[in-house]
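What follows is one structure encoded as structure tokens, with my remarks underneath.
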Amino acid sequence: MIVGHLVEERHDVRHYLQVEVQPKAHIETEATNPQANYSNCFDDDGRLKRTVIGSGVLSLAWAIAQLGWVAGPTVLILFALVNLYTANLLSQCYRSGDPVTGQRNYTYMDAVKANLGGKKVIFCGLIQYLNLFGVAIGYTIAASVSMMAIKRSNCFQKSGGKDPCHMSSNGYMITFGIIEVLFSQIPDFDQVWWLSIVAAIMSFTYSTAGLGLGIGKVAGNGSFKGSLTGISIGTLTSAGTVTGTQKLWRSLQALGAIAFAYSFSIILLEIQDTIRSPPAEYKTMKKATLFSIIVTTTFYLLCGCMGYAAFGDLAPNNLLTGFGFYNPYWLIDIANAAIVVHLVGAYQVFCQPLFAFVEKWSAKKWPKSDLVTAEYEIPIPFWGVYQLNLFRLVWRTIFVVLTTLISMLLPFFNDVVGILGAMGFWPLTVYFPIEMYKAQKKIGRGTTRWLGLQILNVSCFFITLVAAIGSVAGVVLDLKTYKPFKTRY
């Protein structure tokens, strides 16, 4: 939940950005004893009590196919360990100073500002919000491909496998965009908790379905496919024959796909701001992160490895939507429907920080504008009263329309996933958490701890660099046969 303080002149108007709610006279008391003024409704900072809220898995079979049985699982586990370590560093930056009573940093940028300051705040903001914008595009592409997979699966069954059932993704992207326009009117992070839970359940559903289908395919084959070194030069794929150069690009792109599967750090502090305390938020987040990464990595390994074992070098870009499975088609339909529902929720969870940042900045810039700050009560039958804010309505709708149009222009799922993973991994998952932790703990230059953190930092930078190069090369290759708004699957 991202919140902001508005000027006193507008305290008579109801705002979607939370205003100061406790009397000024209590500030000194709260500073000396933050626990003293806790209540059933408010936290130590005078804001509403926090409550807890809870993809990339289906591209991992393709990623492991590029790297092979040795490098594929090894790289995936290494990414998991790096994410676990840096996420714990980042969670300790939620409060400045004392980890229990220090000032809260409500967003990733707040933490960077409090610990590093200067131009690094601007750099962080550009990277974080550009990455969130890109995630919205990636999710739009993925959702449309899953919608088409349902249609194609049923078409394939009706034709007995004779009709390739090619179709355009444009209509499905527009449908997904309309759904997101509606859900984007949810005011803030706290009100997305139920959507986050639904998305988590759907994620478990389609991951389990993908795993089950992979196991079934391996059993049908009677053997495990794949090799120690990944896809072979000369292999004929849907994109043509794999050359030595293409194998290199595909291997590097696979690093970006794996990085994208662990891209949660980008909104970790925003999620941590919804956690109730005591105990200290970083302690709760440390346990939650450990559990989450263990569970997701187990699923990633199972889904990725079983998908590779089932299809070998020809593992599809997306395990369910790459049309590697035709039967049982009803299970494919359920799994793809779960993907769509998951992405509807995930889109909102990832975009809420960007929405709130723009709205917070606008409210500070134009505090007396009714267009920006005023809310109007709209009664909704069987629901209650909805607080309509005109700026929120217009800005979020424009955002969704823009991401939908770009998705229709560049519908390259694996390439987009690779670029997003590369773009967000080093700066947001590694660099800033390490730099903030060093500043907060005052780790001296040249010490053993400092040297270890720097080695991790530099190593991850080069991984990000080569992954980005591979993904950009993939886009360049795709553009050679690309026609805007006319891509068919």
Side-chain angles (χ1 to χ4, degrees), residues 55-91 203-204 207-208 210-211 214-215 218 224-231 250-266 268 285-313 315 317-319 414 417-418 420-431 433-434 452-453 455-468 470-471:
S55 98
V57 60
L58 297 175
S59 65
L60 292 180
W62 179 89
I64 292 177
Q66 312 315 307
L67 300 172
W69 280 118
V70 177
T74 301
V75 169
L76 200 151
I77 292 172
L78 288 175
F79 268 92
L81 293 175
V82 169
N83 271 267
L84 177 62
Y85 181 71
T86 58
N88 287 333
L89 299 185
L90 181 60
S91 67
S203 178
F204 178 79
S207 297
T208 303
L211 175 59
I215 292 173
V218 171
F224 279 68
K225 293 187 177 182
S227 65
L228 295 179
T229 57
I231 191 168
R250 291 164 73 103
S251 297
L252 298 181
Q253 187 179 338
L255 297 177
I258 294 174
F260 180 73
Y262 287 105
S263 60
F264 69 93
S265 290
I266 192 171
L268 186 141
M285 202 66 188
K286 185 176 182 179
K287 294 178 182 177
T289 302
L290 176 61
F291 176 77
S292 174
I293 289 182
I294 288 175
V295 171
T296 54
T297 301
T298 300
F299 261 98
Y300 287 172
L301 283 169
L302 288 172
C303 291
C305 291
M306 291 310 301
Y308 182 39
F311 296 102
D313 288 351
N317 292 348
N318 187 312
L319 196 56
N414 260 38
V417 163
L420 289 174
M423 184 172 64
F425 174 66
W426 175 71
L428 298 175
T429 301
V430 180
Y431 173 73
I434 286 178
L453 291 171
I455 291 174
L456 176 62
N457 202 353
V458 173
S459 300
C460 290
F461 169 76
F462 282 110
I463 291 174
T464 286
L465 184 62
V466 297
S471 298

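Using a 4.5 Å heavy-atom cutoff, the side chains of Leu76 and Leu67 are not in contact. Side-chain contact between Ser207 and Tyr300 is absent, with no heavy atoms from C-beta onward closer than 4.5 Å. Using a 4.5 Å heavy-atom cutoff, the side chains of Tyr85 and Leu81 are not in contact.
Under the ring pair (Phe, Tyr, Trp, His ring centres under 6.0 Å) criterion, Phe461 pairs with Trp426, not counting sequence neighbours. Residues meeting the side chain to side chain contact (heavy atoms under 4.5 Å, CB included) test with Thr74, sequence neighbours left out: Leu78. Val70 pairs by the side chain to side chain contact (heavy atoms under 4.5 Å, CB included) definition with Leu228, not counting sequence neighbours. Every residue meeting the side chain to side chain contact (heavy atoms under 4.5 Å, CB included) condition with Ala80, not counting sequence neighbours, appears here in chain and number order: Tyr262, Ile293, Thr297. Taking Thr229 as the reference, Ser227 meet the side chain to side chain contact (heavy atoms under 4.5 Å, CB included) condition, with sequence neighbours excluded. Applying the side chain to side chain donor-acceptor pair (under 3.5 Å) rule to Thr289 yields no partners; only residues at least two apart in sequence or on another chain are considered.
Put simply, the side chain of Thr464 never gets that close to the backbone of Phe425: no donor and acceptor are under 3.5 Å apart. Side-chain atoms of Ser91 come within 3.5 Å of backbone N or O of Asn88 as a donor-acceptor pair. Between the Ser292 side chain and the Ala288 main chain, no donor and acceptor come within less than 3.5 Å of each other.
Between atom CG of residue Leu453 and atom OH of residue Tyr431 there is a gap of 13.0 Å, rounded to the nearest 0.5 Å. Put simply, CD1 on Ile215 and SG on Cys303 are 9.0 Å apart, with the number rounded to the nearest 0.5 Å. Ile434 CD1 to Asn457 CG: the interatomic distance, rounded to the nearest 0.5 Å, is 4.5 Å. Note that the CG atom of Leu252 and the CG atom of Leu465 stand 9.5 Å from one another [nearest 0.5 Å]. Note that NZ of Lys225 and CH2 of Trp69 are 12.5 Å apart. Values are rounded to the nearest 0.5 Å.
Between Ala254 and Ala63 the shortest heavy-atom distance is CB-O, 3.6 Å. Across all their heavy atoms, Ile258 and Gly72 have their closest contact at CD1-O, 4.5 Å. Of all heavy-atom pairs spanning Pro73 and Ile64, the tightest one is CD-CG2, 4.4 Å. Taking all atoms of both residues into account, the shortest heavy-atom contact from Ala310 to Gly214 is CB-O, 3.9 Å. For the residue pair Ser471 and Gln253, the shortest heavy atom distance occurs at OG-CG, 3.7 Å. When every heavy atom of Phe299 is checked against every heavy atom of Thr208, the shortest pair comes out as CE2-OG1, 3.8 Å.
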